[in-house]
Amino acid sequence: MEHLKENCLSLILSFTSPRDTCRVSDVSTEFRSAGDSDELWNTFLPPDINQILRRSISTLTYTSKKQLYFLLCDLSYWTMAMCFWIDKRNGKKCLMVAARQLAIVPRWWSWLYDSNSRFSEEVAVLDKGRCLDIRGKMKIGMLSPHTTYETYLVFKIYEDACGLDSANTSIRFVNEREEVPDDEASTVYPDPRTSAHNIEQRNGVLSRWRKDEWMEIKTGEFETGARDDDDEVETRFMSTDTNILKTGLIVQGIEFRPKQPMAVV
């Protein structure tokens, strides 16, 4: 390896992953030098990184593309309505749409400041409603191509919340389908107080706690493929049973994240 030029080593490393690159950089000084090159880390950054940086309201200070990569692994504000970061393992784009940008029925919701919210501390609170319907859209061009994505509703539930035992979720490409039929929707159980009971008898998705003290629940999965940048994908979280009063749901937004591979046991 000591006889290979640094740019050759960088080219070899570009076919691996950021994680592998950091590991092999400990093997020798030659690999370390190649593993720190801007040319290499440019291949791990999103192709439209310059546009991303221009649109961000956050100012990032960095001296190398490797440093920029790891700065982008932490959540950063892209606009006041959307957060952007990259997956540390593969450099794929991750985005979160703020509650203000979601389609909801305004008369059943109010706005509250929560110190743990990413969007100027603002969240949406379901006061009282008979019909719960939340929709979030994303243009394919904002995401990484040829990537399987999962969508998650990020939320909390008040202790006195009710009517949130179960809900339905769906996902669709807007230009292909008007709506997803009810019989194709997935069942989810957002309230952890009720979803913990008789789990073995249920066929659906449960909510889970996150490190940031919010909860999340999966609302869909899709493949970006080679679609047009202007194509839109929409995920929906709904409970349309008008016989049940619903209250106490706090929504921060909806995340679009690359699907992680199953762990090998």
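Residue numbers start at 1 and run along the sequence shown.
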- Query: Around R210, counting heavy atoms of other residues, nucleotides and ligands shown, do more than 12 lie under 6.0 Å from its CZ?
  - Reply: yes
- Item | Donor-acceptor contact present, side-chain T242 to main-chain R130, <3.5 Å | no
- Task: Give a yes or no answer on whether the side chain of D212 reaches the backbone of W214 with a donor-acceptor pair at less than 3.5 Å.
- Result: yes
- Message: Between D228 and I140, is there a side-chain heavy-atom distance shorter than 4.5 Å?
- Response: no
- Query: Which is it for N42 and E39 under the side chain to side chain contact (heavy atoms under 4.5 Å, CB included) test, yes or no, and what are the steps along the way?
  - Reply: CA-CA 5 Å; N42 259 332; E39 185 181 56; 5.9 Å; no
- Item | Q67 (side chain) donor-acceptor with T63 (main chain) under 3.5 angstrom | yes
- Query: Considering only heavy atoms from C-beta outward, does the side chain of D48 approach that of K93 to under 4.5 Å?
  - Reply: yes
- Heavy atoms only: give me the nearest T21-L13 pair and the separation to one decimal. OG1-O, 3.8 Å
- Item | Residue of the set V123, D114, L249 for which side-chain contact (heavy atoms from CB on, under 4.5 Å) holds with K156 | D114
- Query: Can you tell me if K246 uses its side chain to pair, donor with acceptor, with the backbone of D241 under 3.5 Å?
  - Reply: yes
- Could you state the interatomic distance from CD (E221) to OH (Y152), rounded to the nearest 0.5 Å? 8.0 Å
- Item | Straight-line distance of L45 CG to I86 CD1, nearest 0.5 Å | 5.5 Å
- Closest approach of M238 to S170 (non-hydrogen atoms, all atoms of both residues): CE-OG, 4.1 Å
- Query: Any chain of hydrophobic side-chain contacts (each under 4.5 Å) joining V205 to W209?
  - Reply: yes
- CA sep, side-chain torsions, deciding dist, call: I217, F237, side chain to side chain contact (heavy atoms under 4.5 Å, CB included): CA-CA 10 Å; I217 197 160; F237 178 92; 4.1 Å; yes
- Does a side-chain N-to-carboxylate-O contact under 4.0 Å join E179 and R135? yes
- Measure across F155 and S207 and return the closest heavy-atom pair with its distance rounded to 0.1 Å. CZ-CB, 3.7 Å
- Item | Over all atoms of both residues, closest heavy-atom pair of P190 and V188 | CD-O, 3.5 Å
- Message: Using the rule that Ile, Leu, Val, Met, Phe, Trp and Tyr join whenever any side-chain heavy atoms are under 4.5 Å apart, tell me whether I157 and W111 fall into a single cluster.
- Response: yes
- Task: Evaluate the criterion side chain to side chain contact (heavy atoms under 4.5 Å, CB included) for residue pair N90 and T147; output intermediate values, then yes/no.
- Result: CA-CA 11 Å; N90 51 36; T147 301; over 6 Å; no
- Item | Donor-acceptor contact below 3.5 Å, side chain Y62 vs main chain Y69 | no
- Say whether M142 and I254 are linked into one hydrophobic cluster, either directly or through other cluster members, by side-chain heavy-atom distances under 4.5 angstrom. yes
- Between W41 and F70, how do the two ring planes meet: parallel, tilted or perpendicular, split at 30° and 60°? tilted
- Item | Salt-bridge present (R257, E150; N to O < 4.0 Å) | no
- Query: Just how far is it from atom NZ of K88 to atom OG of S17, taken to the nearest 0.5 Å?
  - Reply: 13.0 Å
- What distance do F222 atom CZ and T148 atom OG1 have between them, rounded to the nearest 0.5 Å? 9.0 Å
- Task: Check M138, M96, Q101 against M82 for a side-chain contact (heavy atoms from CB on, under 4.5 Å) and give me the one that passes.
- Result: M138
- Message: Looking at R236 and D133, is there a salt bridge between them, counting it only when a charged N and a carboxylate O are closer than 4.0 Å?
- Response: yes
- Are V233 and T224 side-chain neighbours, meaning at least one heavy-atom pair lies under 4.5 Å? no
- Item | Side-chain donor or acceptor of S10 paired with backbone N/O of A34 under 3.5 Å | yes
- Which heavy atom in V180 sits nearest to a heavy atom in I171, and how many Å separate them? CG2-O, 3.6 Å
Which donor-acceptor pairs under 3.5 Å do the side chains of residues 103-110 make with protein atoms, sequence neighbours left out?
| unit_1 | atom_1 | unit_2 | atom_2 | d |
| --- | --- | --- | --- | --- |
| S110 | OG | D127 | OD1 | 3.1 |
| S110 | OG | D127 | OD2 | 3.1 |

- Counting N and O atoms only, with roles assigned by atom type, does the side chain of S56 sit under 3.5 Å from a partner on the main chain of L53, one being a donor and the other an acceptor? no
- Begin with the C-alpha distance, continue with both residues' side-chain angles, and end with the deciding distance and a verdict on side chain to side chain contact (heavy atoms under 4.5 Å, CB included) for V174 and R172. CA-CA 6 Å; V174 176; R172 70 185 178 103; 4.2 Å; yes
- Do you know which two heavy atoms are closest between L132 and L164, and how far apart they sit? CD2-CD2, 4.1 Å
- Message: Let me confirm one number: the CG-OG1 distance from D160 to T247, rounded to the nearest 0.5 Å.
- Response: 6.5 Å
- Same cluster (ILVMFWY, side-chain, under 4.5 Å), F44 and L11: no
- Message: Can you confirm whether T169 sits close enough to K218 that some side-chain heavy atom of one is under 4.5 Å from a side-chain heavy atom of the other?
- Response: no
- Message: Could you check whether D36 pairs with K66 (Lys NZ or Arg NE/NH1/NH2 to Asp/Glu carboxylate O, under 4.0 Å)?
- Response: yes
- Message: A side-chain contact here means heavy atoms from C-beta on lying under 4.5 Å apart; do D229 and K139 qualify?
- Response: no
- Neighbour count >12 (heavy atoms, 6.0 Å) for atom CD, E176: yes
- Query: Does the side chain of E232 come within less than 4.5 Å of N175's, by heavy atoms?
  - Reply: no
- Message: Within this structure, what is the CG-OG distance for the pair D191 and S166, rounded to the nearest 0.5 Å?
- Response: 10.5 Å
- Side chains of N116 and Q252: is there a donor and an acceptor less than 3.5 Å apart? no
- Query: Short question: side chain of S117, backbone of E122 - any donor-acceptor pair under 3.5 Å?
  - Reply: yes
- Message: Does any part of the side chain of N168, heavy atoms only, come nearer than 4.5 Å to the side chain of T187, both counted from C-beta?
- Response: yes
- Any donor and acceptor pair, going by atom type alone, linking the side chain of T151 with main-chain N or O of F256 inside 3.5 Å? no
- Query: Taking C-beta and beyond as the side chain, do I52 and P46 meet within less than 4.5 Å on heavy atoms?
  - Reply: yes
